[in-house]
Number of protein chains: 2
Amino acid sequence: MSCSPVPDESLGFLLTDATRAIRRRFEQRAAELGLSSAQWRVLVHLLRRGPLSQARLAEFLEIEPISVSRLVDRMQEAGWVEREPDPNDRRVKRVVAKRKAYAAFENAKQIADDLYEQALAGLPPGALETLTDALRRIILNLSDSPEAQDDR
Amino acid sequence: MSCSPVPDESLGFLLTDATRAIRRRFEQRAAELGLSSAQWRVLVHLLRRGPLSQARLAEFLEIEPISVSRLVDRMQEAGWVEREPDPNDRRVKRVVAKRKAYAAFENAKQIADDLYEQALAGLPPGALETLTDALRRIILNLSDSPEAQDDR
DNA sequence: TTGATTTAGTAAGCAGGCTTATAATATCTC
DNA sequence: GAGATATTATAAGCCTGCTTACTAAATCAA
């Protein structure tokens, strides 16, 4: 049976590979910190925005609340964060970064910065901005929020 | 404690989000086929290259052999592929696409094509090529193979 | 105020990555 | 040939996503 030509390096596959490569490298280098890339992302949001409910965290991370719940479980166990009750809403648990998170921040940020530099080596200047613009556009085009659609 | 500025839309996070968005959309639309994006990728390689050992498949997919093993388990159970012994090497199991895989191919390819068109809407012509060039470069820059390194 | 609806968090269980470890088989070297 | 080394596949067990389903609490509506 004939197959229409599918480049085996389609956009989706390349994105998948690039994302996996970055995740792998980050986790290799952050292994001594004991910080996964998913956990690093949580810390970035908490340190920049302060304590957040899990629901808000889920929005920022663009993952489901249940995924946040278990991610926070492990991060709490590892001493990165703590859950504390919200004084105004007894359903809510505010996630708060602990001292260990602040202490590791600069170190992890350096790992990320070095990684991006290595990843982009050999690309023309301005490639990063072109790339991030395209990625933002793709994310917007595929998002569920209706206000994001059809603005050409 | 002060934090150096970390854009919460760094390259790594944007790549992660774009990849997840594409995966989610693909799987929503391919749900009736019962084909996940990881499984679709396996089929693309098998239909283009013919039967492959799991080790070769792992190389093409850029994942670990154990991940292939379990992916193929599920695909075999679902009737997409079969394992058959290699006549020349009794360690090897050749993975062969079944009729069901050929039958679903055009349908899945159409889903992928439509998805890429939607993802790239509003980007300038040539953006796809710029994007895939950058992604290929990133993958190369972060790969483990030494011959890929340091060619600037 | 009470009853329905929405929201926040989690349990259970699955897919698809990973590391580490093991068995079976090939291959290389002496 | 025999022994050391490589390779192929897989088991066990972890992390991070997901869907579905549940409880508790807040909010809306009558």
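Reminder, nothing fancy here: chain letters follow the sequence lines and each chain counts from 1.
Placement of A:Leu52 and A:Tyr102 within a single hydrophobic cluster is found when ILVMFWY residues are connected by side-chain heavy-atom separations under 4.5 Å, directly or transitively.
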Please report, to 0.1 Å, the donor-acceptor pairs under 3.5 Å made by any side chain of residues 62-81 of chain A, with sequence neighbours excluded.
from, atom 1, to, atom 2, distance (Å)
A:Asp73, OD1, A:Arg83, NH1, 3.1
A:Asp73, OD1, A:Arg83, NH2, 2.9
A:Gln76, OE1, A:Arg83, NH1, 2.7

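Contact annotation for B:Arg20: backbone-only contact, meaning every heavy-atom pair under 4.0 Å involves sugar-phosphate atoms and none involves a base. Looking at heavy-atom distances under 4.0 Å, A:Arg23 makes no contact with the nucleic acid at all. Nucleic acid contact class of B:Gln39 (heavy atoms, under 4.0 Å, all strands): sugar-phosphate only.
The span of DNA chain D lying next to chain A, judged by atoms under 4.0 Å from heavy atoms, is bounded 5' to 3' by D:dC15 to D:dA26.
Within the structure, a side-chain polar atom (N or O) of B:Arg90 is placed less than 4.0 Å from OP1 or OP2 of C:dA26.
If you take CZ on A:Arg137 and CG on A:Leu142, they are separated by 10.5 Å, rounding to the nearest 0.5 Å. A distance of 8.0 Å separates CG of A:Leu123 from CG of A:Leu131, quoted to the nearest 0.5 Å. A:Phe26 CZ to A:Tyr116 OH: the interatomic distance, rounded to the nearest 0.5 Å, is 8.0 Å.
Note on residues 117-134 of chain A: pairs passing salt bridge (Lys or Arg N to Asp or Glu O under 4.0 Å), not counting sequence neighbours, are A:Asp133-A:Arg136.
Among residues two or more places apart in sequence or in another chain, the salt bridge (Lys or Arg N to Asp or Glu O under 4.0 Å) test is passed with B:Lys100 by none. Scored by the side-chain contact (heavy atoms from CB on, under 4.5 Å) test, B:Ala55 finds B:Ser53 as partners (sequence neighbours excluded). Applying the salt bridge (Lys or Arg N to Asp or Glu O under 4.0 Å) criterion to A:Arg94, with sequence neighbours excluded, gives A:Glu84. In this structure, the side-chain contact (heavy atoms from CB on, under 4.5 Å) partners of B:Thr19, at least two apart in sequence or on a different chain, are A:Leu15, A:Thr16, A:Thr19. A search for salt bridge (Lys or Arg N to Asp or Glu O under 4.0 Å) contacts involving A:Arg20 returns A:Asp17, not counting sequence neighbours. In terms of the salt bridge (Lys or Arg N to Asp or Glu O under 4.0 Å) criterion, B:Asp114 has no residue partners (sequence neighbours excluded).
The distance from atom CG of A:Asp17 to atom C1' of C:dG17 is 13 Å, rounded to the nearest whole Å. Between the CD atom of B:Gln54 and the P atom of C:dA24 there is a distance of 17 Å, rounded to whole Å. If you take CG of A:Leu57 and P of C:dG9, they are 9 Å apart, rounded to a whole angstrom.
Using the six-membered ring where Trp is involved, A:Trp40 and A:Phe105 have ring planes that are tilted, between 30° and 60° apart.
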Identify each atom pair where a protein N or O and an N or O of nucleotides 21-23 of chain C are less than 3.5 Å apart, giving names and distance.
none

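Nearer the 5' end of DNA chain C, as judged by each residue's closest nucleotide, is the contact made by A:Arg56, out of B:Arg91 and A:Arg56. Nearest-nucleotide positions on DNA chain D place B:Ala55 closer to the 5' end than the other of B:Ala55 and A:Ser36.
Interface residues of residues 58-67 of chain A facing DNA chain D, ordered by number: A:Ile63, A:Glu64, A:Ile66, A:Ser67; criterion, heavy-atom separation under 4.0 Å. Listed by residue number, the members of residues 74-88 of chain A with any heavy atom below 4.0 angstrom from DNA chain C are A:Arg83.
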